[in-house]
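See structure below.
These numbers come from the heavy atoms of this one structure, side chains and all, not from hydrogens, waters or symmetry mates.
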Amino acid sequence: MNSVIEKKLLELPASPGIYFYKDKKDEIIYIGKAASLKNRVRQYFQKSRQRDAKTDALISEIADLDWTLVETELDALFLEAEMVRRYMPRYNILLRDDKSSSYVRISYDSKHPTLTMTRQPLDDGAKYFGPYFNGAEVKKALHYLRRIFPYSTHISNIPKRVCLQYHLGLCPGLEENKTTINDYRANLRKIMQYLKGERATLIKELERDMKRASRKKDFESAAQLRDQLYNLRALSKQIIFSDKEFTDLSKDRALNMLSDLLGLKNVPRRIEGYDISHLQGTDNVASMVVFSNGIPDKAAYRKFKMRLPGNDDFGHMEEAISRRLSGKNIKDWDLPDLFLIDGGKGQLGAAIKARDRLGINRPMIALAKREEEIVVQKGKSQVDLSVSDLKEQRAIYKESDDFIMLYLTPRSDIVKLLQRVRDESHRFAVSYHSVLKLKRQKSSVLDEIPGIGPLTRRKLLKEFGGQKAIAGTSLEKLSDVVGKSRAKAILQHLK
């Protein structure tokens, strides 16, 4: 143990937080969480403790340590998961024992909605939250949430009578209609709000509903809402996914290094990432993801269904930025400190064109996938590379036309942060594109005929079997099913 670590061990607070172990090159090699930083971190350096070979290897490489304080253990749980996803420290991978990440699964739209944990998310229509790297801790957090918002865990064997969990106040009792499906889904929405980081909004809604019930003299409902509100506030003073400043930004190496590299006046507290997704020019969508203080703020994510047809990535990016920077959206969402475009020179040029046309003054860069190069447009990206120490950042500087390409080592904290934003924008765009594609595949030409509703469509398909059969039938036969005027409209549209 060196003198730097000895000094910092004496400064460790007995508070919840996450800690970072670094090697001689100042690279983060392990991230952990603790209910008491003082107790947890010191355990690593106690000679009397029994350790396995992997932990011994980790300790032998630790040259420095740092930490970030949070309000509660729950905050530490979620912050640790996000930081591991961003930095991917090699010892976090080694010490995981090849276990998969955990996801929270909520089958919100099913007849008997459930909340469970799984290691493998599927395309089954359920809502997934995660991944989380500490399954046991997430289960513990859900256990506390279940006391406030009861939920069912019966997946396959749904009991005929209410279960023991109902009598303990942990299950809604759908089996005997103890809770209506609408009230139960309202509870699930509150849990999803919490998992998304919309805790402040959730508290306001509970306060509003409690006052409304009180005014209506529905004191039983008001008391239930009061208890939920009290327990929710006691559970956590804040949640890290919100846009509140929950961490000391001076300790976030990636944000500070990015600010220095681009010559920004301030640390970019809000970064917005954009990507386009389509399949050969169909179901074109754009995504907007938001990272507040380096953490995804999922409540602020937005998606755009493209109006411009065809396979035109540059045109679609220009449209997405134009719509993002409309007066209404600027008022509702404010402006980011930095735009990050997924793509190369073409996508960045199109985005800057839209920004400049609307007279917005904000830095804008791109990250190209092939070599993870940071792309800057000369004189237009609104960054100042002249003040940055490219040698210190180990950056390779290349010029091409009106653009500058910066190549950093893949292990750079800057690259890892930008990759995290870029990958999240890509994931969000692809998920929305998949929804539209599935919706289109399930749709029919009959959906496009004016005056033909769902009941009429079902009647036609039941009678004739399919679209081709309907198109091939006579006006008389069709009139017998839907009437003469509708039959004429259908045949005219199909032919």
Side-chain angles (χ1 to χ4, degrees), residues 1-97 132-134 136-137 140-141 235-240 244-260 267 269 293-295 392-393 411-414 416-417:
M1 188 194 315
N2 60 38
S3 58
V4 174
I5 294 176
E6 285 181 353
K7 183 180 178 182
K8 289 191 173 182
L9 288 177
L10 297 174
E11 299 170 357
L12 281 165
S15 306
I18 62 169
Y19 53 92
F20 304 84
Y21 289 151
K22 304 173 185 177
D23 62 12
K24 293 178 181 178
K25 297 179 181 177
D26 210 29
E27 179 185 345
I28 296 172
I29 58 174
Y30 184 76
I31 298 173
K33 64 165 176 34
S36 170
L37 286 167
K38 183 178 181 180
N39 295 341
R40 180 72 183 111
V41 175
R42 285 183 174 182
Q43 286 177 357
Y44 281 91
F45 302 95
Q46 291 173 356
K47 294 181 180 179
S48 60
R49 294 190 70 86
Q50 295 288 329
R51 296 187 293 257
D52 59 26
K54 291 179 182 178
T55 306
D56 281 333
L58 164 65
I59 293 170
S60 68
E61 286 196 48
I62 299 173
D64 195 2
L65 68 94
D66 205 345
W67 60 86
T68 295
L69 297 177
V70 293
E71 291 287 333
T72 68
E73 291 181 51
L74 273 182
D75 296 344
L77 169 68
F78 292 120
L79 181 56
E80 178 206 30
E82 175 52 38
M83 289 300 173
V84 170
R85 281 195 291 270
R86 183 203 294 183
Y87 292 108
M88 294 300 289
R90 62 180 185 275
Y91 278 101
N92 283 88
I93 308 302
L94 277 173
L95 298 174
R96 274 173 57 198
D97 295 329
Y132 302 112
F133 293 94
N134 295 278
E137 297 295 338
K140 192 174 181 180
L235 183 63
S236 172
K237 295 179 182 177
Q238 70 178 58
I239 188 164
I240 66 158
K244 296 178 182 178
E245 183 179 352
F246 62 89
T247 184
D248 182 357
L249 289 187
S250 66
K251 291 189 175 183
D252 194 311
R253 284 174 48 80
L255 288 174
N256 281 276
M257 291 171 69
L258 179 62
S259 178
D260 292 341
V267 174
R269 292 176 178 270
N293 297 336
I295 303 297
E392 182 183 345
Q393 303 277 12
R411 290 187 175 183
S412 165
D413 291 340
I414 296 175
K416 289 178 180 177
L417 171 62

*asked:* Under a 3.5 Å distance rule, please check whether N2 uses its side chain to pair with a backbone N or O of A63 as donor and acceptor.
replied: yes
*Do any N or O atoms from the side chain of R40 and from the backbone of Y19 form a donor-acceptor pair under 3.5 angstrom?*
no
_Rounded to the nearest 0.5 Å, what separates atom OG in S259 from atom CZ in R269?_
11.0 Å
*If you take all heavy atoms of R42 and L9, which pair is closest and at what distance?*
NH2-O, 3.1 Å
_Let me confirm one number: the CG-CD1 distance from D23 to I62, rounded to the nearest 0.5 Å._
10.0 Å
*Looking at R86 and G294, what are the two nearest heavy atoms and their distance?*
NH2-O, 2.6 Å
*For L12 and L37, work out which heavy atoms get closest and say how close.*
CD1-O, 4.0 Å
*Work out which heavy atom in P89 is nearest to a heavy atom in I28; give both atom names and the distance.*
CB-O, 3.8 Å
*asked:* Between K416 (side chain only) and Y87 (backbone N and O only), is there a donor and an acceptor less than 3.5 Å apart?
replied: yes
*Which pair of non-hydrogen atoms, one from K22 and one from D26, has the smallest distance, and what is that distance?*
CD-OD1, 3.4 Å
*To the nearest 0.5 Å, tell me how far K24 NZ sits from I29 CD1.*
11.0 Å
*When rounded to the nearest 0.5 angstrom, what distance separates NZ in K8 from CH2 in W67?*
6.5 Å
*Calculate, to the nearest 0.5 Å, the distance between atoms CG and CZ belonging to L65 and F20 respectively.*
11.0 Å
*Evaluate side-chain contact (heavy atoms from CB on, under 4.5 Å) for M88 paired with I31, printing each intermediate quantity in order.*
CA-CA 9 Å; M88 294 300 289; I31 298 173; over 6 Å; no
_CG-CD1 distance between D260 and I414, expressed to the nearest 0.5 angstrom_ = 8.0 Å
_A14 versus S36, closest heavy-atom pair with distance_ = CA-OG, 3.6 Å
*Below 6.0 angstrom between ring centroids: does that apply to Y91 and Y21?*
no
